[in-house]
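Taking it in order: structure first as structure tokens, then the write-up.
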Amino acid sequence: MTSPADSYRSLTERVQEISLLVSCAGLLDWDRETYMPAGGAEHRSAQLALLAGMCHERFTDAVTGELIAAVESSEVVADPLSVEATNIRELRRSYDRETRLPKSLVEELSRTTSLAYGHWVEARQASDFKRFEPWLDKVVKLKMQEADCIGHAGQRYDALLDDHEPGATTQWVASVLEPLRAELAGLLERIQGSSRRPRGEILHRRYARDAQEAFATRVAGELGFDFQAGRLDPTAHPFCCDIGPGDTRLTTRYNENDFGDAFFSVIHETGHGLYDQGLPREHWGLPAGEPVSLGIHESQSRLWENFVARSRPFWRHYLPVLAEHFSQSLADADLDAFVFAVNEVQPSLIRVDADEVTYNLHVIVRFEIETALLSGQMAAGDVPAAWNEKYRRLLGITPPDDAHGCLQDVHWSHGGIGYFPTYTLGNLNAAQLFAAAREKLGDLDGLIASGQFGPLLEFLRANIHRRGQQYRAPELIQVVTGKPLSHQALMDHLRTKYEELYGL
Ligand code: ZN
């Protein structure tokens, strides 16, 4: 007879082999976004589709389910915080999610979203939502079916959220976002009433590409990113791709007339990369060695990007170094002017270009629209009007056309409904973790101002990275910070920072 311990071993071997296949797809995907010639697109899609099919088939095989069942409630998982219990709990969750979806629905979703993506590209180019509307309608209806197959306690959106943020519910997300929306609106109004304005042009002088790369690479390394186990390459849309132990890849794009574009995206992706490099690699390919959720992953990127690299102590340390790289462009830039310039608040139409204060309002617009679409209260055809009305109300600006409005993001064409809230959860998690680190480490500003990032990184390593999926996101934040997630820490951070900058 096979013992539960034997079954556990067979299961982990099986799952780690599937993870190896998934990481092969990851490398092909990275290559597609960086160096693949355009002519390779069709062949690459075929390679990726084959691998995706193989992974899905192996994971949803009845054998996987039998092995999970043989270990569940055995002595192997007696300690709920052990590596074994973590692996079994999260493999059960993924197995149930994946096997509840009929093959026909998975195929239909894959076919529809790959077509919808092409129609979204065309509709955005023409700035004509009408061309995308029937496809959005199809995607929403399929996502409703998906949610019903997976199961939920009343709100279909719960099932979709859970895919990106295990354990999160629509009601919980709304309860965190509603007070945030109200307080952000108040802060934005006060900022707009201030007569102080930063000299934003400092960032739009000439910044040579190679010098930008050299500076960003130096900073990423000094924050703790290990370039012996990672690299930085150019791409069109920056991302971080963790291939596996010893191989974490960052990407960025350079604009010689915009210093902030590449630099803050490199720091953002470095935050993701530091998380991946800090995971317990001995459990690679299993939940105990994987990141918790998108909202926790985003907290790591946002923490380094906004709480560290947009802070005054950070530039106290790095502005003299930056001025060596760009002596002409920065000849007249003092610390005050530079810090104010990298923290300019200006309501804008495009989410990815938004500042720290208005960013979350962009996310709230999308969350409100997605939940209304999924509950059937809003039809696809109502999206442009709802979008424009929400932008007018929340940000005080109205998109001139759909390309600058509801067609700007790729997510819905991919079927990525339920993804947007994780961006704001990331900001909230980052604020609460940074406040906890400040309490633990004492003079965190002093450490940053003297270029000592090790203590902060070690705090994140010990409390977040090395834990893998031991806790789900809401529990993890409670365990590390002693409080449930709320909007408080982020609002405290934003008020303190922007009241000083804008003299409120
Ligand atoms: Zn990110």
Side-chain angles (χ1 to χ4, degrees), residues 26 29-30 33-34 161 163-166 168 173 177 216 219-220 223-225 230-243 248-255 260-279 290-311 314 342 348 350-364 366-367 408-412 414 416-434 456-457 460 464-465 469 473 476-477 485 490 493:
D29 203 32
W30 171 85
E33 302 297 323
T34 49
L161 256 182
D163 195 16
H164 311 293
E165 203 58 34
V173 172
L177 296 193
V219 176
L223 297 182
F225 186 78
R231 20 183 318 127
L232 171 65
D233 294 271
T235 184
H237 303 285
F239 63 97
C240 168
C241 174
D242 188 40
I243 307 291
T248 302
R249 304 186 179 203
L250 315 176
T251 61
T252 195
R253 62 173 168 223
Y254 298 94
N255 176 345
D261 206 11
F263 181 73
F264 291 107
S265 93
V266 171
I267 302 308
H268 182 98
E269 302 311 336
T270 296
H272 284 304
L274 287 170
Y275 186 10
D276 291 330
Q277 289 186 335
L279 289 165
E290 281 170 16
V292 176
S293 69
L294 288 184
I296 295 295
H297 227 307
E298 192 68 4
S299 77
Q300 301 305 292
S301 56
R302 286 296 185 167
L303 187 143
W304 292 101
E305 177 194 358
N306 287 339
F307 292 77
V308 177
R310 287 186 200 273
S311 74
F314 180 86
V342 299
S348 62
I350 305 295
R351 174 184 59 85
V352 295
D353 297 333
D355 58 74
E356 222 184 333
V357 174
T358 58
Y359 186 88
N360 297 298
L361 297 171
H362 291 261
V363 173
I364 289 167
R366 289 150 177 82
F367 172 69
Q408 66 182 269
D409 301 302
V410 67
H411 303 55
W412 293 342
H414 281 167
I417 297 176
Y419 191 115
F420 285 118
T422 68
Y423 291 128
T424 288
L425 292 174
N427 288 326
L428 298 169
N429 290 327
Q432 215 158 306
L433 289 170
F434 196 72
L456 177 59
L457 179 58
L460 298 171
I464 307 284
H465 307 176
Q469 295 186 354
L476 179 65
I477 291 300
L485 185 69
L490 181 63
H493 157 77

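For ligands, and for the atoms within them, numbers begin at 1 and follow the listed sequence.
Checked by atom type, the side-chain pair D242/H272 shows no donor-acceptor distance below 3.5 Å. Residues T251 and D233 have side chains that never bring a donor and an acceptor to within less than 3.5 angstrom of each other.
Using a 30° and 60° split on the angle between ring planes, F314 and F263 fall in the tilted class, from 30° to 60°.
Listed by chain and residue number, the protein N/O/S atoms under 2.8 Å of the Zn ion (ligand 1) are H268 NE2, H272 NE2, E298 OE1, with waters left out.
Here the rule is side-chain contact (heavy atoms from CB on, under 4.5 Å) with F225, and of L274, I267, L457, D276 only L274 fits it.
Geometrically, R302 engages Y359 in a cation-pi contact defined by less than 6.0 Å to the ring centre and at most 45° from the axis.
Summarising the geometry of T248 relative to Q277, their closest heavy-atom pair is OG1-CG, 3.6 Å, with the distance given to 0.1 Å.
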